[in-house]
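Every number for a ligand or one of its atoms is a count from 1 in the order of the listing. By convention here, the first residue in the shown sequence is residue 1. No experiment lies behind these values; they were computed from the predicted model shown.
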Amino acid sequence: MTATTLDKDALKKKYAEERDKRLRADGNDQYVRLEGRFEDLAADPYTPWKDREPVTDHVTFAFIGGGFAGLVVGARLKEAGIDSVRIIEKGGDFGGTWYWNRYPGAQCDTASMIYLPLLEETGHMPTEKYVHAPEIRAHCGRIGNQFDLYKDALFHTEVTGLEWREDTSRWLVKTSRGDAFTAKYIGMGTGPLHVAKLPGIAGIEKFKGKSFHTSRWDYGYTGGSPDGAPMDKLSDKRVAIIGTGATAVQAVPHLAKATKELLVFQRTPSSIDVRNNEPIDPNWFDSIATPGWQKRWFDNFVDNQSQGFPEEDYVMDGWTELSRRIREKVRQLPPTQWTPDSLLQAFEDADFEKMEEIRQRCETVVDDAKTAEELKAWYRQLCKRPCFHDQYLQAFNEPGTQLVHTDGQGVSEITETGLIANGKEYEVDCIVYASGFEVGSEYTERAGFDPVGRDGLSLSKAWEDGMRTLHGVHVHGFPNAFIVQPSQAANLISNVPHNIVDHADTISTIVAHAEAQAFNTIEPSIAAQDAWVEMVLSGQGMLIGNTECTPGYYNNEGAGLTEKNRHGLGHPGGAKAFFAHIAAWRESGEFKGLDFS
Ligand code: NDP
């Protein structure tokens, strides 16, 4: 099928109708946090709490967050000879998102070869093209051990305060465990998706059965284990799962096999493309894993997502496939017609074709025609997180699995014994909330602390009109502080670890320079920061924030980008342009825009 044979106007109309059904005035406010209101659901089910004495010492570098960001920055600092590195982590071990997300079937969605950081440094060969969560968590432990990051780490500890002390040029770090220690440098890598949320459905607190969020999976109740042992305690249970995002897509096939009955409550279908997972052949791996291989793979992935015509696609996953299709469309045009408009047209046509293919897959795979129809996604592929799976649609062929399609309205009420949707009550033993993580709130609200820099300036105040950084990393008024996140930088959402590895290279290079020269402080000049923010804001957001899309966290639940959250865009030239810029900036050794004293 090609775009020329599709009725594009009819599709656009259908997309708009489906979006309109889902727009709601309360936007992000429809969700509630676990913490505060549902403490029992927020508790860590994985690692027992250990009492310890408060820490009151001094470290060279304190990093908040023990996920990939903290681990990779920590590793790079150690490589650079900075030995005193303390990671503070709210979970009971390293891993971040992979510490919490132990739901059955969890696996990476971007190819492991570029998703797992520091593969070359650790010598680990991923076992599968898309590895499962236990291997990712083990890799986090491997990095922690290899770079001796466990030694000074504080687990089950949340930072409550960060304050710059001008007199000593040190940060004072305070935590939920009574710690009050100082650090010359701080890093923050709390991740975008770490505050679990529940749908604020009326009556949610009334339910008397079992319930939990997917990031706090209760294997005590379900039986089985995160390592894939079957959930043998569910065979007599009627279970509901709320949500059909990337998490549910991975968990549903396992629940469908384990439960007596599974009810999947769907508000908006995800697009489910082919996964094609396969084991990695050690001989093949040995043949490509020559020095510098992972950087070549990172670069190749980015090349394949940028304009231009790279000769090879090493990664060959769902993300690069869309780009390949767009390139093919562009190639069919004479070079004189390679205008921005025709590129956008090629993008749109490739998208229509891809989504039609994905919709047809529902018909091919799902036996029941009505269910197949209801599982079809009516929006552009990048309006919501694209999903790739070869057992999710198939799960609806299991005799006990039922799709409760709510035509965009969702579950309307929760009772003592079940859920109400489409005006009908469904009694269940257990509700699994696959309702995602908070995204639209302020950085400091999600982080749970508000750093106070020079002259008592808080980060929330400094960013009251929108985020302001140099390179997404440094903030004027916050000396010796580094933020690890993708905005105002590469914004490579399809492979978040690449952003992290790159920022870690930047931070360790700068800190090593400051230490070698015995500098006390590092801070971006206001002029450099302003110029950088202005450059970022000159770009377009592409589909992120697009109000033509169905609501979701990609477009601020349908509200689109406000002037304030437009500040979260990436480099206008795309990820490739950012990585090239920052590599040259690092290599020059001049660190233009930063003041050292
Ligand atoms: P999402 O935010 O993507 O999904 C939440 C789901 O809950 C949506 O389907 C939403 O519907 C639904 N929902 C909310 N309220 C209701 C209601 N009242 N009734 C019925 N349904 C409701 O969360 P996920 O945890 O699935 O994924 C979050 C992100 O985490 C992903 O986008 C991805 O970035 C990341 N992730 C990555 C993975 C990987 O790389 N391997 C795996 C899993 C997650 P609606 O769509 O209508 O809003």
### Side-chain donor-acceptor pair present, D313, T320, cut-off under 3.5 Å
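Yes, a side-chain donor-acceptor pair sits under 3.5 Å.
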
### Query
Do Y221 and K237 come close enough that some side-chain heavy atom pair is under 4.5 Å?
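When only atoms from C-beta onward are counted, K237 and Y221 do touch, with a gap below 4.5 Å.
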
### Query
Which residue, K197, R33, H194, R446, forms the side-chain hydrogen bond (donor to acceptor under 3.5 Å, both in side chains) with E438?
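Among K197, R33, H194, R446, the one that satisfies the side-chain hydrogen bond (donor to acceptor under 3.5 Å, both in side chains) with E438 is R33.
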
### Message
Using a 4.0 Å cut-off on heavy atoms, what residues surround ligand 1? Order them by chain and number.
### Response
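For ligand 1, the residues that come within the 4.0 Å heavy-atom cutoff are Y31, Y103, Q107, C108, D109, L193, P199, I201, I242, G243, T244, G245, A246, T247, Q250, R267, T268, K384, R385, G410, V411, A434, S435, G436, F437, Y553.
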
### Query
Sequence neighbours excluded, which residues qualify as side-chain hydrogen bond (donor to acceptor under 3.5 Å, both in side chains) partners of R275?
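By the side-chain hydrogen bond (donor to acceptor under 3.5 Å, both in side chains) rule, R275 matches D109.
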
### Pairs involving residues 241-263, ordered by first then second residue, that meet ring pair (Phe, Tyr, Trp, His ring centres under 6.0 Å) (sequence neighbours left out)
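Found none.
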
#### Entry: Where at least one partner belongs to residues 362-389, residue pairs that pass ring pair (Phe, Tyr, Trp, His ring centres under 6.0 Å), sequence neighbours excluded
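Residue pairs with at least one partner in residues 362-389: W319-F388.
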
